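These numbers come from the heavy atoms of this one structure, side chains and all, not from hydrogens, waters or symmetry mates. Order of listing sets the numbers, starting from 1, for every ligand and every atom in it. One is the number of the first residue; the rest follow in order along the sequence. Treat the numbers as computed from the prediction; the structure is a model and nothing was measured.
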Amino acid sequence: CAKDQGRNTYHYFKPEMDVHALERLMLENALRRAIERHELVLHYQPQVAADDSRMVGCEALVRWQHPELGLLQPVQFIGVAEESGLILPLGNWVLASAARQLASWQARGLDLLMAVNISALQFRQSDFVDDVRRILADSGADPAGLELELTESALMQPTPEVLARMNQLRELGIRLALDDFGTGYSSLSYLKRLPIRRLKLDRSFVKDVPGDQEDVAIAMATLSLARDLGMDVVAEGVETEIQRQFLAERGCPVMQGYLFSRPLPADELRRWMDERGV
Ligand code: C2E
Ligand code: MG
Ligand code: MG
Ligand code: MG
């Protein structure tokens, strides 16, 4: 029995695993302190309308301004945040910061959407809706400008509880979007039952259009599915004019990607908006 277990568990001393575990622990502790010390920052990536390229909103994306290592990207710390549960305080900080930015736009009369990523763990907390309600109230933002991006993994089992939670969020006036659409295991039959306003076409399907016939098929199927279900679409990762034109001609209403702008710190976003007259 001990022999069987040895294959998959760490009963035997393996130095490289200990180093790995130690690194993770140090990263976790550093991240915990970073949240307390306000080392996290949000960058904002504009989303633009396909027809006239006007800005319609943006996605808030977290970064970690590490005092020694510089600016860290989500890929470097979101995994540890998820595994350690730190994604919960991190996620609330992101939501509160994004809601404050949204409120300040609204105070200037700007009608823009703020999209915020919500991890599956966050969404599954029984007090998630209460947190969102409180954070919104504290910020003074109109909920109509807030869009929560959920992933297929958060909605994998659309239990009555999950559906009820989504409806509560919608009743608060918030919009829901499905992020990275096409990469998970969404069953098309449950999509129609969920109160989702937008699908975000994953950038892996945008990357090789119009050259790759399979990606073209997936992009077009997503656009027509969304249309038939009465949902909007945002294409992620639009980098070239050729991609933009292809998607626009096929009715994709909103786009996001380096072609328009990289994710920007708040002050640079302000300048980007000023230059465009937003
Ligand atoms: P995502 O939500 O799918 O965000 C889009 C990612 O694509 C961002 O990466 C963005 O910088 C990148 N991107 C945008 N346009 C382009 C493009 O034209 N080309 C390429 N190659 N990439 C583009 P980022 O900021 O590194 O974030 C990665 C992921 O980390 C996000 O994917 C999201 O899943 C997660 N994440 C980021 N911020 C948060 C957060 O506040 N909370 C949670 N739970 N997850 C977050
Ligand atoms: Mg997202
Ligand atoms: Mg995405
Ligand atoms: Mg993603």
Going by heavy atoms, is [X] under 4.0 Å from ligand 1?
{"X": "Pro263", "value": "yes"}
{"X": "Glu59", "value": "yes"}
{"X": "Val75", "value": "no"}

Which ligand 1 atoms does [X] reach within 4.0 Å, using its non-hydrogen atoms?
{"X": "Glu239", "value": "17 (C), 18 (O), 19 (N), 20 (C), 21 (N)"}
{"X": "Asp180", "value": "3 (O)"}
{"X": "Val94", "value": "41 (O)"}
{"X": "Gly257", "value": "15 (N), 18 (O)"}
{"X": "Ser119", "value": "44 (N)"}

Any side-chain heavy atom of Asp131 within less than 4.5 Å of one from Leu88?
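When only atoms from C-beta onward are counted, Leu88 and Asp131 do not touch, as no gap falls below 4.5 Å.
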
Below 4.5 Å, heavy atoms only, C-beta onward: do Asp232 and Arg175 meet side chain to side chain?
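The answer is yes, as the side chains (C-beta and beyond) meet within the 4.5 Å cut-off.
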
Ligand 1 versus [X]: contacting region, heavy-atom distance under 4.0 Å:
{"X": "Gln256", "answer": "neither"}
{"X": "Arg262", "answer": "neither"}
{"X": "Lys200", "answer": "neither"}
{"X": "Arg63", "answer": "side chain"}

N or O pair under 3.5 Å between [X] and ligand 1:
{"X": "Gln45", "answer": "yes"}
{"X": "Leu90", "answer": "no"}
{"X": "Asn117", "answer": "yes"}
{"X": "Asp179", "answer": "yes"}
{"X": "Tyr258", "answer": "yes"}

Residues, nucleotides or ligands: over 12 heavy atoms within 6.0 Å of [X] [atom1]:
{"X": "Leu172", "atom1": "CG", "value": "yes"}
{"X": "Glu249", "atom1": "CD", "value": "yes"}
{"X": "Arg134", "atom1": "CZ", "value": "yes"}
{"X": "Glu268", "atom1": "CD", "value": "yes"}

Measuring from atom OG of Ser104 to atom CZ of Arg108, what distance do you get when rounded to the nearest 0.5 angstrom?
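Answer for the OG-CZ pair, Ser104 versus Arg108, is 5.5 Å.
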
Look up atom CD in Gln243 and atom CG in Asp208, then write down how far apart they are to the nearest 0.5 Å.
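CG of Asp208 is found 8.0 Å from CD of Gln243.
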
Do Arg133 and Asp130 meet the salt-bridge criterion of a basic N to acidic O distance under 4.0 Å?
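Counted as a salt bridge, because a side-chain N and a carboxylate O are separated by less than 4.0 Å.
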
Does a side-chain N-to-carboxylate-O contact under 4.0 Å join Arg33 and Glu36?
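Here Arg33 does not pair with Glu36 in a salt bridge, since their nearest N and O are not under 4.0 Å apart.
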
Whether Glu149 has an N, O or S atom under 2.8 Å from the Mg ion (ligand 3)
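Checking Glu149: none of its N, O or S atoms is under 2.8 Å.
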
Do any of the N, O or S atoms of Asp179 sit under 2.8 Å from the Mg ion (ligand 3)?
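Within the cut-off used here (under 2.8 Å), Asp179 does place an N, O or S atom near the Mg ion (ligand 3).
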
Arg165 side chain vs Gln125 backbone, donor-acceptor pair below 3.5 Å
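Yes, the answer is positive, given that a donor and an acceptor are paired below the 3.5 Å cut-off.
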
Without hydrogens or angle criteria, can the side chains of Gln45 and Arg262 be said to hold a donor-acceptor pair below 3.5 Å?
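Result is no, nothing qualifies.
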
I'd like to know whether Met166 forms a side-chain contact (heavy atoms from CB on, under 4.5 Å) with Ile196, so could you lay out the CA-CA distance, the side-chain angles of the two residues, the decisive distance to 0.1 Å, and finally the verdict.
CA-CA 9 Å; Met166 293 179 80; Ile196 290 173; 3.7 Å; yes

Which N/O/S atom belongs to Glu59 and is the closest one to the Mg ion (ligand 2)?
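For Glu59, the N/O/S atom sitting closest to the Mg ion (ligand 2) is OE2.
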
Just to confirm my numbers, could you give the angle made at the Mg ion (ligand 3) by OE2 of Glu236 and OD1 of Asp180, rounded to 10°?
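Vertex the Mg ion (ligand 3), arms to OE2 of Glu236 and OD1 of Asp180: 140°.
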
